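Only a predicted model underlies this, so the values are computations on that prediction, with no experimental measurement involved. Letters go in sequence order (proteins before strands), and every chain restarts at 1. Any value given below was found using the heavy atoms of this structure, including those in side chains, with hydrogens, waters and symmetry copies removed.
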Amino acid sequence: GGGAEGGGGSGSREAVERLVREHPVVVFMKGSPAQPLCGFSNAVVQILRLHGVEDYRAHDVLQDPDLRQGIKDYSNWPTIPQVYLNGEFVGGCDILLQMHQNGDLVEELKKLGIRSALLDAEKDQEKK
Amino acid sequence: RSFASQTDGESRLVRVLQEKFPRASAIKVVDISGGCGAMYEIHIESEEFREKRTVQQHQMVNQALSEEIKHMHGLRIFTSAPK
């Protein structure tokens, strides 16, 4: 952006802070959950979908260059996608994938009052 | 991938990582953009990562490579402490 630091631009710390606190699950990505425009952003969407998390806030940084830079400055993290749980930066696609594989994501969702769909899937498996 | 030689980008990143993580027991850098230097996969195992959350470990790598990352389109990071 053209040097508009602070002062309430969409990439300012204050603006980003408001966005990450908007909802228990907030994702900054390329494209939208319905149409991700990057493989890594798509991976985040798919992982959340596996856990039955479809209600979350997603922000398409390709639509807002100030936000695209602002979110990187805010988290001091150079890449997109970025996942925030309860306002806290959790990581990108690789970390979310790791959390999915080691069971941490189910636990973190539980702390937010979200029951992962995978817990019900496991229950179905046990019945067979 | 089992090509015999590294790209210049891969070698440079390995050198920077060796410098910034002197206690690393394993470092592997793979150019996953077909040799274009646009995207890398970084694997690093070091005592320096022990007891740190994954996101903190990744932040350490981001800091170490902050200059190089400016020229990349993306990167994947896999960190661990020795078992």
Side-chain angles (χ1 to χ4, degrees), chain A residues 1 16 20 25-31 36-47 60-62 65 68-109 111-112, chain B residues 1 9-10 12-14 16-17 19-21 24-46 48-83:
Chain A
V16 171
V20 307
V25 182
V26 181
V27 174
F28 296 84
M29 60 182 289
K30 293 182 179 178
L37 295 177
C38 146
F40 302 121
S41 288
N42 184 39
V44 165
V45 169
Q46 296 312 322
I47 290 169
D60 182 359
V61 302
L62 296 177
R68 184 174 181 174
Q69 187 54 50
I71 194 65
K72 293 175 186 176
D73 294 338
Y74 180 85
S75 57
N76 190 29
W77 188 268
T79 50
I80 301 293
Q82 295 193 10
V83 179
Y84 289 76
L85 297 182
N86 228 22
E88 196 186 310
F89 177 58
V90 157
C93 139
D94 290 330
I95 288 179
L96 198 72
L97 182 60
Q98 187 180 307
M99 289 173 69
H100 164 67
Q101 288 169 335
N102 67 18
D104 282 355
L105 186 53
V106 170
E107 285 311 306
E108 290 302 313
L109 289 173
K111 290 181 194 168
L112 301 178
Chain B
R1 203 176 75 122
E10 287 167 347
R12 195 180 66 250
L13 290 174
V14 168
V16 174
L17 289 169
E19 216 175 82
K20 303 276 171 77
F21 294 97
S25 38
I27 294 176
K28 185 169 89 161
V29 176
V30 185
D31 182 321
I32 54 174
S33 60
C36 290
M39 197 169 297
Y40 290 93
E41 212 172 81
I42 314 271
H43 298 256
I44 167 164
E45 179 190 85
S46 178
E48 290 145 302
F49 294 137
R50 194 170 295 289
E51 305 290 311
K52 293 191 162 72
R53 287 164 60 217
T54 306
V55 70
Q56 285 175 282
Q57 297 176 7
H58 287 207
Q59 282 286 36
M60 290 166 71
V61 177
N62 286 340
Q63 295 287 95
L65 298 178
S66 59
E67 211 29 65
E68 289 76 13
I69 287 175
K70 286 180 192 164
H71 305 288
M72 294 178 199
H73 178 71
L75 82 166
R76 311 194 66 174
I77 301 174
F78 301 89
T79 52
S80 59
K83 299 204 166 46

query = Looking at CZ of A:Phe40 and CE of B:Met39, how far apart are the two atoms once the value is rounded to the nearest 0.5 Å?
reply =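 Rounded to the nearest 0.5 Å, the CZ-CE separation comes to 4.5 Å.
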Nearest heavy-atom neighbours spanning [X] and [Y]:
X	Y	result
B:Ile77	A:Asp94	N-OD2, 3.5 Å
A:Pro78	B:Asn62	CD-ND2, 3.3 Å
B:Arg76	A:Cys93	NH2-SG, 4.3 Å

Open item on the list: Measuring only between side-chain heavy atoms, which start at C-beta, is A:Gln98 closer than 4.5 Å to B:Phe78?
Closed with: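 No; the side chains remain at least 4.5 Å from each other.
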Do B:Gln63 and A:Asn76 have side chains that get closer than 4.5 Å, going by heavy atoms?
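In contact.
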